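Let me begin by presenting the structure, written as structure tokens, before commenting on it.
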2 protein chains.
Amino acid sequence: MSKSKQPTIIDVASEAGVSIATVSNVLNRRKVPMAPETIRKVEEAIVRLGYRRNVMATNLSRRRSYELGLIIPHFGGYYGRFAESLEQKVHRFGYHLSVFSAAGMDPEIEQRHLEHLLQRRVDGLVSHGLAMSMKSTQQLVGGGTPLVIFNGWGWPEEIVQLAVNLDFAKASAQAVRSFLNNGCRSVIYVGKSNGMGANDQRIQGFLSGLGNDSEPVVHALLDVSELGVARTLDEALRLSGECRPIGIYTFNDALALEILALCHERGIRVPEDVQLIGMDNELYSKASFPAITSFDMPVDLQTSLVAAFLMKQIGEDLDEESTLLLEEHLPRAIGHELLIDLDMIVRKSTIA
Amino acid sequence: MSKSKQPTIIDVASEAGVSIATVSNVLNRRKVPMAPETIRKVEEAIVRLGYRRNVMATNLSRRRSYELGLIIPHFGGYYGRFAESLEQKVHRFGYHLSVFSAAGMDPEIEQRHLEHLLQRRVDGLVSHGLAMSMKSTQQLVGGGTPLVIFNGWGWPEEIVQLAVNLDFAKASAQAVRSFLNNGCRSVIYVGKSNGMGANDQRIQGFLSGLGNDSEPVVHALLDVSELGVARTLDEALRLSGECRPIGIYTFNDALALEILALCHERGIRVPEDVQLIGMDNELYSKASFPAITSFDMPVDLQTSLVAAFLMKQIGEDLDEESTLLLEEHLPRAIGHELLIDLDMIVRKSTIA
DNA sequence: CTGTTAGCGCTTTCAC
DNA sequence: GTGAAAGCGCTAACAG
């Protein structure tokens with residue numbers, strides 16, 4: 001590679017007839033006073049040579065990277081939106097965000113990415129509730145790189161500085177109650193056992209929504225990762241017997257949509273026979289037929305909180321907006337876990 | 001930050017009682033022969049200290065980063081799948097892939113990411129057909145960083161080493177012919193003017209599919225970015241008059257789905273009154289009702305080609321599989337543009 | 001087999 | 001205002 005041809009600060013210096021220190025000065029526009037003439041000369045030399053600063057050298061010298069890392073299970077749907085939103089947020093603070101996908105919840109890949117980011121000496125890390133063992137704690141704790149997670153429960157404070165979580169439990173309880181109010185005589189949760197903490201939260205909420213007084217209604221927890229979607233629906237139907245309508249609450253909209261497709265195939269009417277509630281409020285849940293009731297994810301609030309908190313940890317000055325945001329939410333945290341409410345978007349899959 | 005506490009190779013050396021060169025040697029497992037005892041001592045020191053190599057220093061010294069950069073318009077759907085697939089592919093060659101989203105086709109953000117990646121001295125770059133001006137060419141050409149794009153047309157070879165494109169034109173022609181075969185008396189293309197080259201390709205194919213002999217069939221090109229989806233459908237209906245069924249071919253599945261939803265709302269029957277063909281073969285096009293006919297994107301083939309080509313450019317040894325792949329496809333390239341076929345997946349939105 | 005040393009490209013005192 | 005020089009953490013000859 002003609003890589004070696006990349007001009008350096010030395011080339012610029014000699015081209016401009018100044019010292020490299022001076023070049024560095026104009027590059028970093030420090031408070032150092034400089035002759036406008038000098039500045040001009042340097043700037044001209046820079047364009048003439050097509051000089052481009054070498055970030056590795058810069059960071060090495062500064063002992064700071066102005067880089068943040070994000071690890072998500074995949075790029076689609078909610079996670080993709082999260083990444084995009086966070087990228088913009090941290091950009092306002094002058095940071096870059098490198099995004100890596102952990103290929104579904106693969107702990108190994110997760111770890112590989114984390115390690116790499118750490119080796120790159122990013123200034124901060126954010127990740128979904130990790131699938132890997134908490135033992136990897138050591139690595140993180142070792143280098144004081146701040147780590148904040150989103151939608152992860154039960155992580156010790158020594159590892160994770162903050163967890164910005166969505167209140168799936170509350171939402172799930174609301175979903176169940178909504179089914180009951182709509183006259184459902186059977187309610188089923190269709191979860192994904194590989195959904196980690198997010199699945200547990202839903203289950204917990206689902207159960208609490210049924211009430212302590214063990215309502216006289218058919219109910220069950222199914223696991224689609226185990227049964228597959230077709231057999232899951234079979235099972236839901238079987239368990240419900242004659243009890244109609246059946247309320248099916250799914251781990252996410254993608255799942256709800258698949259079940260909806262199956263219902264169409266088998267002539268099961270939605271919402272007359274089966275009512276459906278999903279999670280994520282994906283574009284297609286609005287555009288499906290019938291449209292699917294779902295919960296909207298406040299991605300923007302979540303990323304704002306993550307960004308603000310991380311910036312503060314890193315020692316960046318916060319603008320007023322971020323400061324207020326933190327002041328409003330942080331006190332409500334349980335330990336270091338923040339809980340954010342979800343809004344239910346009622347659509348045709350639950351109302352006649 | 002306790003950042004400064006991060007142990008360095010020097011700490012490891014003294015902890016192990018050897019020189020830093022030795023540490024570096026065991027770290028990089030070079031062909032250099034070493035006493036097993038020495039290796040053990042060093043490795044122990046490494047874990048004891050929780051040493052983590054500083055990639056910036058390493059890269060600076062090696063003048064090589066083993067990093068690749070990918071820029072996509074957003075993380076969702078096809079692009080997200082592309083990113084995930086490419087990440088895995090290059091990983092096999094020992095490379096990391098940093099993914100950045102250009103926030104929809106924003107040329108400014110695109111440029112910012114590109115510049116950043118270049119400053120980070122990545123070994124190679126891949127991007128969707130860029131939205132930014134070709135003038136930015138200078139920057140890229142300057143540092144001999146190889147750039148390959150996917151789904152970008154008309155980029156000069158001086159800028160782009162290779163373009164791995166999907167044959168949207170051919171697919172579009174096929175879509176049209178399929179409509180005609182199914183008895184459509186009106187065929188409409190609903191495109192997105194901000195779809196760049198990909199949209200142009202579709203238009204071109206759409207027109208050629210109609211045949212040179214200007215078939216006696218109603219046809220039109222509509223632009224949803226301009227009209228919005230509701231008015232686009234109105235327009236399609238108006239233009240078609242009594243000619244049924246109408247074949248509507250959309251830029252992508254997301255758009256097809258929205259139109260489908262509108263049809264349901266207005267009692268327009270699919271496929272009796274309107275037939276629909278999308279593009280991307282998203283999960284939801286299979287699970288929608290009726291399921292939407294679409295074109296499947298051979299993401300895996302595309303990323304394999306991109307990865308193989310890039311590795312070759314960088315001077316990495318290719319495994320046999322990659323070599324064969326390149327030998328099979330490269331000769332078919334038109335200039336430096338490769339064209340890959342799409343498969344039409346026929347579903348209920350086009351057949352009764 | 002192991003250690004010395006000269007960089008990699010840039011930042012940052014601290015004199016001049 | 002500007003420049004000389006000492007690192008930042010690591011690699012890669014080259015001696016020994």
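Below, chain A is the first sequence line, B the second, and so on; all start at residue 1. Owing to the predicted nature of the structure, the values given are computational and were not obtained by experimental measurement.
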**OP:** Looking at every strand, decide which applies to B/V23 at a 4.0 Å heavy-atom threshold: base, sugar-phosphate, or nothing.
**Re:** nothing

Original post:
Nearest to the side chain of B/A35 - C/dT12, C/dT2, D/dG9?
Top reply: C/dT2

Subject >> Whole angstrom value for the distance that separates P of C/dG9 from CZ of B/R62 >> reply: 16 Å

**OP:** Round to the nearest Å and state the distance from A/R52 atom CZ to C/dC10 atom P.
**Re:** 12 Å

Original post:
Can you name the residues that form a side chain to side chain contact (heavy atoms under 4.5 Å, CB included) with B/N151, not counting sequence neighbours?
Top reply: B/Y78, B/W153, B/N165, B/L166, B/F168, B/Q302

Subject >> Atom pair distance, as rounded to whole Å: CG in B/L60 and P in D/dC8 >> reply: 14 Å

**OP:** Look at the side chain of A/S304 and the backbone N and O of A/D300, then say whether any donor-acceptor pair between them is shorter than 3.5 Å.
**Re:** yes

Original post:
Side-chain N or O of B/T22 less than 4.0 angstrom from OP1 or OP2 on C/dG3?
Top reply: yes

Original post:
Over how many whole Å does the gap from A/N54 atom CG to C/dC8 atom P extend?
Top reply: 12 Å

Original post:
Think B/T8 has a side-chain N or O under 4.0 angstrom from the OP1 or OP2 of D/dC8?
Top reply: no

**OP:** Quickly work out the B/N59 CG to D/dC10 P distance and round it to whole Å.
**Re:** 12 Å

Subject >> Atom pair distance, as rounded to whole Å: CD1 in B/I9 and P in D/dC8 >> reply: 14 Å

Grab the N/O contacts between the protein and nucleotides 4-7 of chain D below 3.5 Å, and write none if there aren't any.
unit_1, atom_1, unit_2, atom_2, d
D/dG7, N2, A/S61, OG, 3.2

**OP:** Return the value, rounded to whole Å, for the distance between atom CG of B/N25 and atom P of D/dT11.
**Re:** 9 Å

Subject >> Spacing of CG belonging to B/D106 relative to CZ belonging to B/R112, to within rounding of 0.5 Å >> reply: 9.5 Å

**OP:** Would you indicate which nucleotide in C/dT11, D/dT2, C/dT2 comes nearest to any side-chain atom of A/T58?
**Re:** C/dT11

Subject >> Phosphate OP1/OP2 of D/dG9: any A/R63 side-chain N/O under 4.0 Å >> reply: yes

Original post:
Think B/R53 has a side-chain N or O under 4.0 angstrom from the OP1 or OP2 of D/dT11?
Top reply: yes

**OP:** Go through D/dG3, D/dC10, D/dT2 for me and flag the one nearest to the A/V32 side chain.
**Re:** D/dT2

Original post:
What residues, two or more places apart in sequence or in another chain, satisfy side-chain hydrogen bond (donor to acceptor under 3.5 Å, both in side chains) together with B/E44?
Top reply: B/R40

Original post:
Taking only N and O in the side chain of A/R64, is any of them less than 4.0 Å away from OP1 or OP2 of D/dC8?
Top reply: no

Subject >> B/W155 backbone acceptor or donor facing B/H336 side chain under 3.5 Å >> reply: yes

Original post:
Starting at CG of B/L27 and ending at C1' of C/dG3, how long is that distance when rounded to a whole Å?
Top reply: 17 Å

Subject >> Face-on cation placement of A/R64 at A/Y66 ring, 6.0 Å and 45° thresholds >> reply: yes

**OP:** Could you tell me whether the side chains of B/N54 and A/R63 share a donor-acceptor contact shorter than 3.5 Å?
**Re:** no

**OP:** Ignoring backbone atoms, test whether A/N28 places a side-chain nitrogen or oxygen under 4.0 Å from the OP1 or OP2 oxygen of C/dT11.
**Re:** yes

